[in-house]
Structures are given as structure tokens and as C-alpha cells.
Number of protein chains: 2
Amino acid sequence: MNDSRKRLTRAEAKAQTRELLLEAAASTFADKGFAGASVDEIAEAAGFSIGALYSNFANKEQLFMEVLSTRATSRVAQATQIIEGGEDGLQDPMAALGRLLVDVADKDIDFAPLRAEFWLYAVRNPAVLDTFAARMREPTEALEHLVGKEMDRHGNPAAVPATNVAVVVHALFQGLVQQRRIDPASVPDELFGQALGWLFTGVKNAEQGECR
Amino acid sequence: MNDSRKRLTRAEAKAQTRELLLEAAASTFADKGFAGASVDEIAEAAGFSIGALYSNFANKEQLFMEVLSTRATSRVAQATQIIEGGEDGLQDPMAALGRLLVDVADKDIDFAPLRAEFWLYAVRNPAVLDTFAARMREPTEALEHLVGKEMDRHGNPAAVPATNVAVVVHALFQGLVQQRRIDPASVPDELFGQALGWLFTGVKNAEQGECR
DNA sequence: GTCTATAAACAGATAGAC
DNA sequence: GTCTATCTGTTTATAGAC
């Protein structure tokens, strides 16, 4: 009994070390990039030494991929799922989604750089490309539900596939987040929601034919 | 006379070396990133040795910034300016712009990775951020002209600022290019033009109020 | 399981030959 | 103006102490 408690505690300790290393890795990779970040400074940022890192991860690449698995990309999916279940945005889902996206962009400072780093890594390593593409399909699918509902709300069945609209919304979001990072004045808070509004009235009219 | 010809030829030779180094640098940075690419392999890719590189550029960073100055980001601006002056897209400027963006995305394979690399560098180096932001304003401003014309074509004066629409179009383009790179099937050729169509009918209706 | 010490390879940048 | 050789620091990854 004592023994099992002890074993559990040790397992927990190791798990905690792993988690701390993953957090430090995410932050350091965001700051300096995959090639630019050294395993040494990652370990140090986590409060450990290089030995602990190699005891928990096979090498730098595996650590990087592990960060991809646990963090970063699914934020948007989480966010949109909150909107679907929550009381927010019952009136105007698009404005609510706009606010939420701004929130994701501003709160999680590492989000965009980390995503860019993963994207580059995926583009450069064909073996990883499918894994990353699958990760990116997550938020798009979450958006697809929202998009589908919104399109239903406005009437008739799909002349435009919800999947395509979801891809566009996702791409627009990523693009705006990046632009906001280098030139905040050019991307005011409201622009997210406005752009979504334009897009959806446009889709709506495409469905039912031009309205004038 | 003989002397001046000789001097000119040498200057040209050096200029050519510089240009070759810049091309090789752009390609290598796109392939391996700023931190991942070594000056050695850049020089080698250009057909020169490391000494020639350091004879033409102060260091790796300056070479990188020089690549930014000469290449990469202004492609979209060039493209949209062609549309404005050309015979193409007189009927449907948005569809033409869509085709053109697809072309930029597919033909210039280094475009997106290089842009991502510059973006990351700018985000990480505050001193460079303004320079890069200015570069990014170039294509947006070119788009703004197109957008303004298109909005005029549909009628009344701006309830929506053309600048904001241009930012959205640019962001959308960048996002779609990135998504297409990791999951081509999710971003068919027509989607660029379609999305622009949705956006503009949406903006149009926002200008003149909802149409139903 | 984590740390310290170290091996082996490689980086950016410089100096001097041609 | 370009090349070769080299200096110096840093990198990833491993081995053995605790």
C-alpha cells in the first residue's frame, strides 16, 4: 500500500516534469523557432537540466511533435465548441465568434508564432504534413457546425457547401491574426466580426441568387 | 576606354555574384528557415564559397534582410497592379483576382514559406517589425484600389472603408495559400474567387442595408 | 529520474593566399 | 573579388555519477 502510493507519486513526479518540459518547449519554440531554440535553454526554462529532457524525450524533433500533439492548434476548435454549447452568441453567433477569435488571438500570445513554426515544419517535412493537416481539420470541422447552423437559420439548403465556407472562415481568421501581429492598427477588434458578417450575407445571397 | 570597360565588367560581375547569392539565399531560407540554413550551404547553392558571401554581405542577418527587400512580399502587389492595368478581369475583376491569386500561390513555390519565415523574424525582432509591416502594406494598398473600384461599380459611397476590406482580402489570401499548402483538396482553385464573391456581395449589402 | 561532464559535429565569422 | 584554412563558440546527444 505504502509501496503503491510511492510508485504513484514517482509516476506523477515524472509526469509533472514532462508537462513542465512541454510547456517550456512550447514557449521557447514560439520565441526562437524549432531550429533557433536549443534543447539546453528549453530544459533550463523548465527548471531542469538537459539530462532530464533526454530522459523524457528521444530527441528535439520528438519533443517538438509532442508539443504539436498537446497544444497550440486546437485552441480555435475549443473556442468554437464553447460557442456552440454556451449561452453567448444566441442572438448573433457571428459577432460572438468574432469576439472569441479576437480573444484567442490576443490572450494566447504564443498561438500564432507556434502555429507558423508547425506549418513551416510540416511544409518542409512531408512525413509530418498529414499529421499537421489533420490537426488543422479539427478547428475547421468545429467551424463547419456553426456555419451549417447559421446557413440553416437564414433559410434554404446548401447551394454552397458548409465545408468550403468553414475553410474560408478559418483561413481568414489565421490571416487576420498574423496581420494584427505585425500591424495592429490595420486590424481593429471589430474587423473579425464585420468580415464574418460580410461573408455570411454574401453566402446567403449566393444561395438564393443575387438580390437586386 | 579599355580601362572603363574593364571596370564596368568587374562591377557587373560582382553584381551578378550578389544576385546569385540573393537567389540562392531566398531558396535556401525558404527550404530550411533562417536559423536552419547555414551560410555555407547558401554560398554553395549559389556556386560560390563562403568568402564570396561575406565579401558581399556583412552577415547572415543582413543577407536575410536583403532578401526581404528584393523579393517575396511584393508579388501580390505586382499581381494586382497587373490586373488593374490589364485587359483581364474587365468583366469580373473578382474572378480574375481569384485566378491570379491561385497563380501566385502555385507558381512561386517559395512564396508562402519565405513569407512565414519573414513574419516570424519580424515578430521576434521588434526592430524589423515596422519594416516588414510596411512591406505588407504594399499589396494591401494595391488591393485597396481594386476594392474601391469594385465598390464604386456596385453603387453608393463607402459605408465600409475600402482599407478594411483590402486588409480582409489580403488576410484571406494568405490564409488560403497556407491551408492549400498543407491540404490542397480542402482549397480548390475556385474557392479563392468564390470567397471574394461572397465577401463583396456581403460588403455591398452592408452598404445599402440588408436586402430582405 | 535527474544531474554533471564530455564527446563529436557544426555553426558564423575572420585572415591571408591568390 | 573570391577561395581556403582556421579560430571560437555552440549545438545535439550520450555516459556515468548520484
Side-chain angles (χ1 to χ4, degrees), chain A residues 3-26 28-29 31-67 117 121 124-125 128, chain B residues 2-29 31-68 117 120-121 124-125 128:
Chain A
D3 211 324
S4 82
R5 200 190 71 84
K6 207 171 184 180
R7 240 182 280 145
L8 196 70
T9 306
R10 289 221 175 146
E12 281 172 354
K14 171 144 194 184
Q16 195 199 9
T17 299
R18 234 185 106 89
E19 206 173 325
L20 287 169
L21 282 167
L22 281 169
E23 274 177 51
T28 310
F29 282 138
D31 282 356
K32 310 220 179 166
F34 174 71
S38 75
V39 290
D40 202 2
E41 68 186 318
I42 292 173
E44 203 173 348
F48 295 94
S49 190
I50 192 174
L53 194 153
Y54 277 100
S55 155
N56 281 278
F57 303 94
N59 52 37
K60 197 181 173 183
E61 296 203 354
Q62 199 225 314
L63 173 58
F64 188 66
M65 292 304 293
E66 211 79 34
V67 173
E117 208 62 47
Y121 193 83
R124 289 165 184 160
N125 299 78
V128 181
Chain B
N2 202 350
D3 210 326
S4 81
R5 201 191 69 86
K6 207 171 186 182
R7 240 181 280 146
L8 196 69
T9 306
R10 290 219 175 148
E12 280 172 355
K14 171 146 193 184
Q16 196 200 9
T17 300
R18 235 186 104 89
E19 207 173 326
L20 287 169
L21 282 166
L22 280 168
E23 273 177 51
S27 157
T28 311
F29 283 137
D31 281 357
K32 310 217 178 169
F34 174 71
S38 75
V39 290
D40 202 2
E41 68 185 318
I42 292 173
E44 202 172 350
F48 294 95
S49 191
I50 191 174
L53 192 152
Y54 277 100
S55 154
N56 282 278
F57 302 94
N59 51 39
K60 197 182 174 183
E61 297 202 353
Q62 199 224 315
L63 173 58
F64 188 65
M65 291 306 291
E66 211 79 34
V67 173
L68 171 60
E117 208 62 48
L120 280 167
Y121 192 84
R124 288 165 184 160
N125 299 76
V128 182

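- To the nearest 0.5 Å, the span separating CD on Glu12(B) from OG1 on Thr17(B) amounts to 11.5 Å.
- Here the closest heavy-atom approach between residue Phe57(B) and residue Glu66(B) is recorded as CE2-CG, 3.8 Å.
- dA13(C) atom C1' lies 11 Å from atom CG of Leu53(B), rounded to whole Å.
- If you measure from atom CZ of Phe57(B) to atom P of dG1(D), you get 14 Å, rounded to the nearest angstrom.
- Counting to the nearest Å, the C1' atom of dT11(D) and the NZ atom of Lys32(A) are 13 Å from each other.
- OP1 and OP2 of dG1(D) both lie 4.0 Å or more from every side-chain N or O belonging to Thr17(B).
- In this structure, Lys60(B) atom NZ and dA11(C) atom C1' are separated by 8 Å, rounded to whole Å.
- Between Asn56(A) and dT2(C) there is a side-chain polar atom (N or O) within less than 4.0 angstrom of OP1 or OP2.
- Near-neighbour residues of DNA chain C inside residues 37-50 of chain B, defined by a heavy atom below 4.0 Å, number-ordered: Ala37(B), Ser38(B), Val39(B), Ile50(B).
- In this structure, OG1 in Thr28(A) is found 11.0 Å from CD in Glu23(A), a value given to the nearest 0.5 Å.
- Going from atom CD of Glu19(A) over to atom P of dG1(C) covers 17 Å, rounded to whole Å.
- Checking dG1(D), dG1(C), dC3(D) against the side-chain heavy atoms of Ala52(B) singles out dC3(D) as nearest.
- When rounded to the nearest whole Å, the span between CG of Leu21(A) and P of dC3(C) equals 9 Å.
- Distance from the side chain of Ser55(A) is smallest to dT2(C) among dT2(C), dA13(D), dA13(C).
- Across all their heavy atoms, Leu21(B) and Leu53(B) have their closest contact at CD1-CA, 3.9 Å.
- Asp31(B) CG to Arg124(A) CZ: the interatomic distance, rounded to the nearest 0.5 Å, is 7.5 Å.
- Computed from coordinates, the Leu20(A) CG to dT2(C) P distance equals 10 Å when rounded to whole Å.
- Within a 6.0 Å sphere centred on CD of Glu44(A), heavy atoms belonging to other residues, nucleotides or ligands number 12 at most.
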Fill in the dot-bracket string of DNA chain C, one character per base: . for unpaired, | for a pair to another strand, ( ) or [ ] for pairs within the strand, taking Watson-Crick or G-U pairs under 3.5 Å.
||||||||||.|||||||
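- The structure places CG of Asn56(B) at 11.5 Å from CD of Glu19(B), a figure rounded to the nearest 0.5 Å.
- Annotation for Phe34(A) and Glu61(A): closest pair CZ-CG, 3.8 Å, computed over non-hydrogen atoms.
- Under the 4.5 Å side-chain criterion, counting only non-hydrogen atoms from C-beta, Ser55(B) is in contact with Lys14(B).
- Following rounding to the nearest Å, Asn59(B) (CG) and dA13(C) (P) show an atom-to-atom distance of 5 Å.
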